[in-house]
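Read the structure below first, then the notes.
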Amino acid sequence: MTAAEDDASPDPQAPALEVADLRFDYPDGTTALHGIDLRVAAGERVALVGPNGAGKTTLALHTNGLLRAASGTIRVAGVTLADATLREIRDRVGFVFQDAEDQLFLSTVRDDVAFGPANHGLRGTELDARVDAALAALEVTHLADRAPHHLSGGEQRRVAIATVLAMRPDLLVLDEPTAGLDPASRRELMTTLAGLDVAQLIVTHDLPMVLELCPRTVLVDGGRVVADGPSDLLLRDADLLTAHRLELPYGLAPR
Amino acid sequence: MTAAEDDASPDPQAPALEVADLRFDYPDGTTALHGIDLRVAAGERVALVGPNGAGKTTLALHTNGLLRAASGTIRVAGVTLADATLREIRDRVGFVFQDAEDQLFLSTVRDDVAFGPANHGLRGTELDARVDAALAALEVTHLADRAPHHLSGGEQRRVAIATVLAMRPDLLVLDEPTAGLDPASRRELMTTLAGLDVAQLIVTHDLPMVLELCPRTVLVDGGRVVADGPSDLLLRDADLLTAHRLELPYGLAPR
Amino acid sequence: MGAGHTHPLYVHEHSPVHHLPAHVKLVATFTFTVVVATAPREHVVTFVVAALTLLAAIRVARVRLRFLLPRLAVVTPFLIGALLLPFVASGPRVDVLGIPLAEEGLWGGFGIAVRAVLGATASLLLVATTEVPDLLRGLERLRAPRLLTQIAAFMVRYLEVIVGEVSRQRRAMTARGYDPRWLWQLRPLTAGLGVLFVRSYERGERVHAAMRARGFDGTMPVLTEERPAGVRAWRLALVLPALAGLGRIAGLLVHG
Amino acid sequence: MLLAMHAPDGFLTAPTAIATGVLSAGAMAAAIRASRPELDDDRIPLAGVTAAFVFAAQMVNFPVAAGTTGHLMGGALAAVLLGPSLGLLVVAVVVIVQAIGFADGGLTALGYNVFNMAVVTALGGWAVFRGARRLLPATPTGVTLGAFVAAVASVVLSALAFSLQWLFGASAAVPFDTVLTAMLGVHTLIGLGEGLITAGVVAAVLAVRPDLVRGADGIDRAAGPARLPRARFVLAGVVASLIVAVGVAQFAVDNPDGLERVAEDTGFSEVAEDHALGSSIFADYATAGVGDETVSLAIAGAAGTLVTLALGTGLLLLVRDRRRGSDASTAPTA
Ligand SMILES: Nc1ncnc2c1ncn2[C@@H]1O[C@H](COP(=O)(O)OP(=O)(O)OP(=O)(O)O)[C@@H](O)[C@H]1O
Ligand SMILES: Nc1ncnc2c1ncn2[C@@H]1O[C@H](COP(=O)(O)OP(=O)(O)OP(=O)(O)O)[C@@H](O)[C@H]1O
Ligand SMILES: [Mg+2]
Ligand SMILES: [Mg+2]
């Protein structure tokens, strides 16, 4: 990557995410990523699927600098991830943890949603406006004064997304957003995600959701991208799915 | 319940579980169960479904005395739950927590599986035989010397089931056993459960699994049983499902 | 949870020291530190003998000094204090390289530093060769009150739960740009700590429930039989304090 | 940083180590006896979690003021959550395990480390907490403010106790009043941090699991969650601490690191005699109080009275609570 490309100011036309040759070893020596290449266009919604231990979460954590790769580059909206741009990258990437309880740590929903924007210096009415907008977008305004860990699973998930949406990210990364939700909450969440106007990378085992929600699917296994293409094509390829410990539920699978 | 019925010695013909008029309030005042009646025959496999917050986990925790009801009775294999029988009930009911990390707390898989039987006084070769049998039943013998928290999600789940199976329970209660598993691990787990010769109560949001695995479904909502019957009938009743925030995935639902 | 069984101070090795029963090592280490801590600071011979004995024990345990030295950091605050003493104490002065230093301060600083370093090194050697659950079992065998060892056992077990919760929370905060520098930025931290406590507790509750569900009644069941400590083990372990004690006697003879 | 904390082997003289060791062991034995009636299956894990929490919290340094950092002692917090006896035991276990399992703090220093960090903070903190609760409304806010005051006081008491031990058992020549001034100055600020953290934790636990807060017995839960007037609350704490810091100790923190500050201040010292094994406490006493002897003695007297008062009240409350606790019906297992 040449210096000329390394533009620190964001570019609305740039892809939301570009990952090139990303390698990562955990401290105990486990190599979790063996060179990942991935590109998410601005506004695109992409599913990231693969078996347990494939490296999905590891990859997702890299997009917002929570893990730092041994080699390879990450660019978000044209900004290359580096020490100097870490803060900016974290502004631009909203990360929703698999376990909503991991994400919510303050005693009211409003405080929790305000936490991110406040860290970026927003104060007073500007902050309130930002929080209100995020709460409204996820339809959780009525929960503003509740304690996050007293909410139902589905409500928690929506609040968790609100907390990152309040930071106006260019890219939303969600780690298994439908795990543990009842079917109606899952459906509501899917409707919510479909209505959001921001690029999304969705890590999931919920292939029926992928079919409905994501035009494109990236399949990883063993720390490598093994397939990348239209979800319809990819998820109807029974041999590919079987080879990577995936399957569509009985009834959805091709007969 | 009269004293004559209160037989403390187990009865192989008795239902694996009988719950009568169970009510429970959490310390903060939330009423989670409003009078539950439920019966699981010896060797039967029953699904317990319902929306987030319905009271499924609360009910499940009662089956082995981890929560104690304000009123109502619980009988396991003919033994009524009371202070005097608490230990015996815990022997008879194997409870698999939703989060395997909560369940596995020792440093090797073998120790963890041995923990329960050792608490009941088994030692030496008798203990080893019991552990080996449980490991073999779940096909995790090769993991015996690994650290439980270094296993993949699917492996952890199987080890968790082995830990309770080693106690030779009359009833296996599983809280959301397929959450977070990749589709292949989910399928393997379903095969394992189908092959176990013990009554099972399976709490889950995974309705496709219910259709395949459980002949009977109990639907709870708001702390009450709202439907109880053959899974095929119950889960094809679109109005009933919608009323209780459930739905079959697109493709499985009746067209 | 089991990862608490290996902690950052433990060195995985198969040395004679590693194989000694924990309670034997506890007694040896404690006796050694008593000898060192009670030696008058002018008895340099005692400290030299103790230091050499300890170095030999470290060799036998196959623990590298490069591993131990950075971990002595726990006593650096006290070493800083000890270092300052010669410069700031008043009283008779001696010239060292042209700098006038207070004699009393030199001795005071030396006394604090040498006891702290020797004591901490001995403790580090104990921890480097013994896993924490074994130490707790050792304390139990030395008849520490059961209530205390029980609390300690739960503490060690839950420590990992909490560290896990902390790192998850820290990660969540970092992901949203938290970078505290000032007192007033503490509020989310303290509020977060409260939530953290409750979450750790509730997680602990679940783990405990899982244990009770499998018949746990407060005592860990015997999963592997323990062998009693033989005379040989005691003899080997007590070499450390015995040599230090000889050093102590030598100190009395040399320094009066 | 706390000088009173995790002191290494040989930091105080052997007689001091033995005397505080006997006191600590006695207090722990009393606490074990006191907590036995109320201990059931579920309280030991709660104690374990609290211990783990205090242990973990002690590994995190928090900013106190311009660059000065401190960390939680946790005695007051444990006492408010678990009651004085179990609270004392929990922090004692933390200190002991840190020494034995993590080489943090000397083995032969356990006597004074346990005394200063567990016995004084738990019993003293509990005494202050009960006093404060009598003055404050029986609401979550009242309990939280009480916990704040108790936590600040517990740290100051701990510093006082350490200074007193230094008076009797210094292993190096530093006059008592210098140590006291330095300890009080820094620890008042550290106490403020301790107070804020303790109050924050207690408020959050009260809001979610009031059943876990022993010190909140008999409060009016209908009064709603603890509402702390943030700015005023912090300001009041700062002012109060500053008054103590300036008024009592005449000491201002202008140094980046609290510990170095103490080390520096205590370093400006005069000669004292040798403290070999066997030198009596009174011999030490006479030599350690060099300089302005009257002032030293006055402060020593005041400090001793304060610590003794707080400990005595704590013990009294402990015994009384036990009697009441054993009468109360046991809570349902849940
Ligand atoms: N903290 C860690 N230390 C060491 N190895 C780890 C750690 N976390 C994950 N791994 C390993 O890295 C690999 C990738 O893990 P990762 O969590 O990214 O998988 P995943 O695709 O998210 O799986 P799942 O679907 O089960 O969530 C696995 O082999 C895993 O065992
Ligand atoms: N520890 C608790 N304290 C207070 N209320 C609780 C507690 N745990 C659960 N509840 C409440 O009790 C009700 C039943 O909760 P439960 O966990 O049994 O639901 P569930 O059916 O298992 O839901 P899910 O599908 O989300 O796991 C809910 O209203 C919940 O908010
Ligand atoms: Mg993952
Ligand atoms: Mg549940």
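Sequence lines set the chain letters: A, B, ... in the order given, protein chains first and strands last, and positions in each chain run from 1. Keep in mind that the numbers below use all heavy atoms, side chains included, and drop hydrogens, waters and symmetry copies.
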Can you see which heavy atom on D:Ile32 is nearest to which on C:Pro145, and at what distance?
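Heavy atoms only, the tightest pair is CD1-CB, 3.6 Å.
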D:Ala204 to C:Val198 - nearest heavy-atom pair and separation:
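Here D:Ala204 and C:Val198 meet closest at O-CG2, 4.4 Å.
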After noting the C-alpha distance and the side-chain angles of C:Leu148 and D:Met28, does the key distance pass the side chain to side chain contact (heavy atoms under 4.5 Å, CB included) rule?
CA-CA 9 Å; C:Leu148 294 189; D:Met28 284 168 67; 3.3 Å; yes
Using heavy-atom distances under 4.5 Å, tell me whether D:Val202 contacts chain C through its side chain, its backbone, both, or neither.
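When you check distances to chain C, no heavy atom of D:Val202 falls under 4.5 Å.
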Please classify the contact between D:Ala99 and chain C as side chain, backbone, both or neither, with a heavy-atom cut-off of under 4.5 Å.
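The answer is the backbone of D:Ala99.
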From OG1 (D:Thr108) to CZ (C:Arg115), nearest 0.5 Å
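Reported to 0.5 Å precision, the distance equals 9.5 Å.
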Kindly indicate whether the side chain of [X], heavy atoms from C-beta on, has any atom under 4.5 Å from the side chain of [Y].
X: C:Tyr201; Y: D:Thr50; result: no
X: D:Leu86; Y: C:Ile151; result: yes
X: D:Leu81; Y: C:Phe197; result: yes
X: C:Ser123; Y: D:Ile100; result: no
X: D:Leu46; Y: C:Phe154; result: no

Considering residues at least two apart in sequence or located in another chain, which fulfil the side-chain contact (heavy atoms from CB on, under 4.5 Å) criterion with C:Val35?
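In terms of side-chain contact (heavy atoms from CB on, under 4.5 Å), with neighbours along the sequence ignored, C:Val35 is linked to C:Ala244, C:Arg248.
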